[in-house]
Amino acid sequence: MQTFQMNGDGGPVVAPVERPVPVPSAGEVLVRVKASSLNARDLRIANGTYPVPTPPGRIPLSDGAGIVEAVGDGVSRFRVGDRVMSTFHPTWIYGAFPKWGELYGVQRDGWLTEYIAIDEQSVVGVPEHLSFEEAATLPCAALTAWSAVSGVGAGDVLLVQGSGGVSVFALQFARLAGARVLATTSSAEKARRLGALGASDVVDYVSTPEWGAQVRALTSGRGADLVVEIGGAGTISQSIAAITEGGRISLVGNLASGGGMDLTRFFQRGATLRAITVGSRSDFEQMNRVISRHQLRPVVDRVFPFDETPDAFSHFEKGSRFGKVVISH
């Protein structure tokens, strides 16, 4: 089979290789991968800035979707022909977050390959209305957004940062719940597209670096009930400025360098900061039921053919994307 692995020779971040097609063991399914998608963590793994070291030759990507082509002894959840998706945490089935276990692209080979043999407990079914390319966007970004906006309802105000996968999914889920959504971005075109998805107001964070105050102005001085925090150290101070008293900040990423948070102001806000660890398989299945009920469709920025995978990484790294970057296998 054709696959891509992390490249350590100074060339493109990933390199094509051939490997034998795996044989499913007892309890495993063999999935012919039809599509995969990129997340910010994948670039950090590739450039060596991820907090967990990655061994040479590891197959990257946590997010993939495909079709079951064979099953091992004892498999009962799926059969040949079923469409399935990966789960970000392969062993977190339900309940409270246990710990950071083995993850794809780090301790385990990931989904940037033609075939993968995986425990049947580590995959879920694909909503019928979605293509493989759309389904491949869900395991990390969509479930992270779902967990981040948990509890948001009609009349609440949500603030999302930028137009990456998590932020766009958070906007979509919050609008389904009847919340008002504000967003930050850096271009008029992205602002237009965020508005088309349901954002009531969009703030340009380049021309308005103190965007937290602008968010409060747009909400008559009250602020946002929930902020989906993507930038981390580089944006948390503005998120605290934007949050209402007693509001919540869902910490999703730490992608922007900066000075960090003002603990005094955070204390004065009486806010809650919660780290989002994607979600369990049970959370994923609940989210998929909502996606199916509302026929929600992921926003795909661009689909790259499998043999153009290095170009997909380069495109993702430029930061100009709106929604998810997908690789079609």
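At a threshold of 4.5 Å between side-chain heavy atoms, the hydrophobic network of Ile, Leu, Val, Met, Phe, Trp and Tyr places Phe132 and Leu143 in two separate groups.
Minimum interatomic distance between Thr219 and Leu182 (heavy atoms only, all atoms of both residues): CG2-CD2, 4.3 Å. Residues Gly72 and Pro24 come closest through the heavy atom pair N-CB, 4.0 Å. Here the shortest heavy-atom pairing between Ser147 and Arg274 reads O-NH1, 3.4 Å.
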Trace of the side-chain hydrogen bond (donor to acceptor under 3.5 Å, both in side chains) decision for Arg19 with Gln5
CA-CA 11 Å; Arg19 295 192 183 184; Gln5 66 183 29; 3.0 Å; yes

Determine, stepwise, if the pair Glu102 / Thr91 fulfils side-chain contact (heavy atoms from CB on, under 4.5 Å).
CA-CA 8 Å; Glu102 293 189 348; Thr91 60; over 6 Å; no

Are Tyr205 and Trp211 close enough, and set up right, to give a ring-ring contact (aromatic ring centres under 6.0 Å, His included), and what steps lead you there?
CA-CA 6 Å; Tyr205 63 77; Trp211 47 263; 7.8 Å; no

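A donor and an acceptor atom, one from each side chain of Glu133 and Ser328, are located under 3.5 Å apart. Using modelled atom types and a 3.5 Å distance limit, the side chains of Gln214 and Thr208 yield no donor-acceptor pair. Checking His129 against Ser292 by side-chain atom types alone, no donor-acceptor pair falls below 3.5 Å. Side chain to side chain, Asp311 and Ser314 fail the donor-acceptor criterion of an N or O pair below 3.5 Å.
Looking at Glu285 and Arg289, no side-chain N of the basic residue comes within less than 4.0 Å of a carboxylate O on the acidic one, giving no salt bridge.
The number of heavy atoms from other shown groups lying within 6.0 Å of CD (Glu128) does not exceed 12. Within 6.0 Å of CG in Asn47 there are more than 12 heavy atoms belonging to other residues, nucleotides or ligands.
In this structure, Ile230 CD1 and Leu251 CG are separated by 9.0 Å, a value rounded to the nearest 0.5 Å.
Ring pair His315/Phe304 is tilted by interplanar angle, where 30° to 60° counts as tilted.
Remark: Arg44 is not positioned above the aromatic ring of Tyr50, lacking an NZ or CZ atom under 6.0 angstrom from the ring centre and at most 45 degrees off the axis.
Judged by distance alone, with hydrogens and angles left aside, the side-chain atoms of Arg32 form no donor-acceptor pair with the main-chain N or O of Tyr115 at under 3.5 Å. A donor-acceptor pair under 3.5 Å is formed between the side chain of Asp204 and the backbone N or O of Val206. A donor-acceptor contact shorter than 3.5 Å is absent between the side chain of Lys324 and the backbone of Pro298. Put simply, the side chain of Arg216 never gets that close to the backbone of Gly223: no donor and acceptor are under 3.5 Å apart.
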